[in-house]
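Some notes on the structure that comes next.
Residue numbers start from 1 in every chain, and the chains themselves are labelled A, B, ... in the order their sequence lines are given, proteins ahead of strands.
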Amino acid sequence: MPELPEVETVVRTLRPQLVGQTIRAVWSSGLPLRMRRRVDEAAMRTACIGARVGAVARRAKYILVELERRGRATGTLLIHLGMTGRLRVEARRAPKAKHTHVVWTLSGGNQLRFLDSRRFGWVLAAPDVHGLPELARLGPDALARLDGEAFAQGLAKSSAPIKSFLLDQRRIAGLGNIYVCEALFRARIHPRTPARRARGKARPLLRAIRETLELGIANCGTSFRDFVDANGEPGTNLDALLVYGRTGEPCQRCGTPIRRSVDGGRSTFFCAGCQRR
DNA sequence: AAAACACCCTGCCTGC
DNA sequence: TGCAGGCAGGGTGTTT
């Protein structure tokens, strides 16, 4: 479900509720999550119980809850929301909603809860998560200061459609289907353009990506179906989308009806007038 | 090595 | 009202 702006929104709403809290207990449903992997409850307990939350950060679409003991960093709780993952902070006595898979009890009397109906999300805790392949293979964060020249060189070496290129988290990390469609529209690049042919547009494309993501964050995320932040609030970015989900509506730049195609099994929205092959 | 595809899972919406 | 089919913003492993 969530892409970079949604994850950033969750992190921002989570941070004030978690930092300074000590984790007292951990529970998990035992059901398998992403790739049929179960949460390693023993490792989770070892890393979390008695630890204090020092910071809450984001790397691409991952949430990092930094743990410390006696003021020293001792580990990280790593969370990926997948498609339908949600984090909520609720009173300990509040009933556990359906699809609750992990619960961390906090010193203040609340619980952090991870819910995920489709179970495409992932949760783990470890002393050092940075060497894990999940994080190690990520490309530069899409909101980091990106090197336009390096990005252009990456484009030049790939024949994949530009949409696939941008969705590949090893190239640039944090974009998903919605924001890729939006960024390509802003940059006037057809989604099926071979990456190497978009090389000359590397800088405008990076600018479009940044604008798209910053707008998404300013609007607290896109709530297309059911995205909500850690307080249960939906974002308002749906209204700001220019092409995604707008099949048949006139392009806001040229009036051509927005088209939908399917690429690699995923919906693509674009304007055939502005985004020429 | 890179690109294309199948797969993981539930919920919701559409059309019959 | 029920049911089948299609669709969904994620990543990963396997095949080509």
Side-chain H-bond candidate by donor/acceptor type, A/Gln111 with A/Thr105, under 3.5 Å: yes
Check this for me: does any side-chain nitrogen of one of A/Arg186 and A/Glu182 sit under 4.0 Å from a carboxylate oxygen of the other? no
Heavy-atom side-chain contact between A/Phe270 and A/Lys163 under 4.5 Å: no
Quick tally for nucleotides 2-8 of chain B: nucleotides whose base has a protein heavy atom under 4.0 Å get B, sugar-phosphate-only ones S, the rest -, giving -SS---B
Within 45° of the axis and under 6.0 Å from the centre of the six-membered ring of A/Trp104, does NZ or CZ of A/Arg113 qualify? no
A/Arg210, CZ: over 12 other non-hydrogen atoms inside 6.0 angstrom: yes
Rounded distance (Å) that lies between atom P of C/dG13 and atom CH2 of A/Trp122: 12 Å
Taking the same atom, P, in B/dA6 and in C/dG6, what whole-Å distance lies between them? 14 Å
Side chain of A/Glu3 only, please: which of C/dG11, C/dG9, B/dT10 is the nearest? C/dG9
Upstream residue (5' side of DNA chain C) when A/Gly265 and A/Arg37 are each assigned their closest nucleotide: A/Gly265
Please give, in whole Å, the distance from C/dG10 P to A/Ile63 CD1? 15 Å
Rounded off to whole Å, could you give me the CG-to-C1' distance for the A/Leu4 and C/dG11 pair? 16 Å
So, is A/His99 near the phosphate of B/dC9, with a side-chain N or O under 4.0 Å from OP1 or OP2? no
In whole angstroms, how far is the P atom of C/dG9 from the CG atom of A/Asn177? 5 Å
With a non-hydrogen cut-off below 4.0 angstrom, is A/Tyr244 in contact with a base, only sugar-phosphate, or nothing? sugar-phosphate
May I have the distance from A/Arg137 (atom CZ) to C/dG13 (atom C1'), rounded to whole angstrom? 10 Å
Using the benzene-type ring in the case of Trp, are the ring centres of A/Phe224 and A/Tyr244 under 6.0 Å apart? yes
Rounded distance (Å) that lies between atom P of C/dG10 and atom CG of A/Leu167: 7 Å
Taken to the nearest whole Å, CD/A/Glu6 to P/C/dG9 is 12 Å
Please tell me if A/Lys98 has a side-chain N or O lying less than 4.0 Å from either OP1 or OP2 of B/dG11. yes
To the nearest Å, give me how far apart CZ (A/Arg196) and P (B/dA1) are. 18 Å
Whole-angstrom distance between C/dC3 and B/dC9, as gauged at atom P: 23 Å
Would you indicate whether the side-chain heavy atoms of A/Phe114 and A/Leu87 approach each other to under 4.5 Å? yes
Smallest heavy-atom separation, A/Arg38 atom then A/Trp122 atom, equals O-CH2, 3.5 Å
Sidechain N-carboxylate O distance under 4.0 Å for A/Arg12, A/Asp229: no
Could you work out which one of B/dG11, B/dC9, C/dC7 sits closest to the side chain of A/Arg260? C/dC7
Shortest side-chain distance from A/Phe224, nucleotide among C/dG9, C/dG11, B/dC9: C/dG9
Only stems of 3 or more consecutive Watson-Crick or G-U pairs count here, both distances under 3.5 Å; name the ones for DNA chain B, or none. B:2-8 with C:10-16, B:10-16 with C:2-8
A/Asp116/A/Arg86 ion pair, N-O < 4.0 Å: no
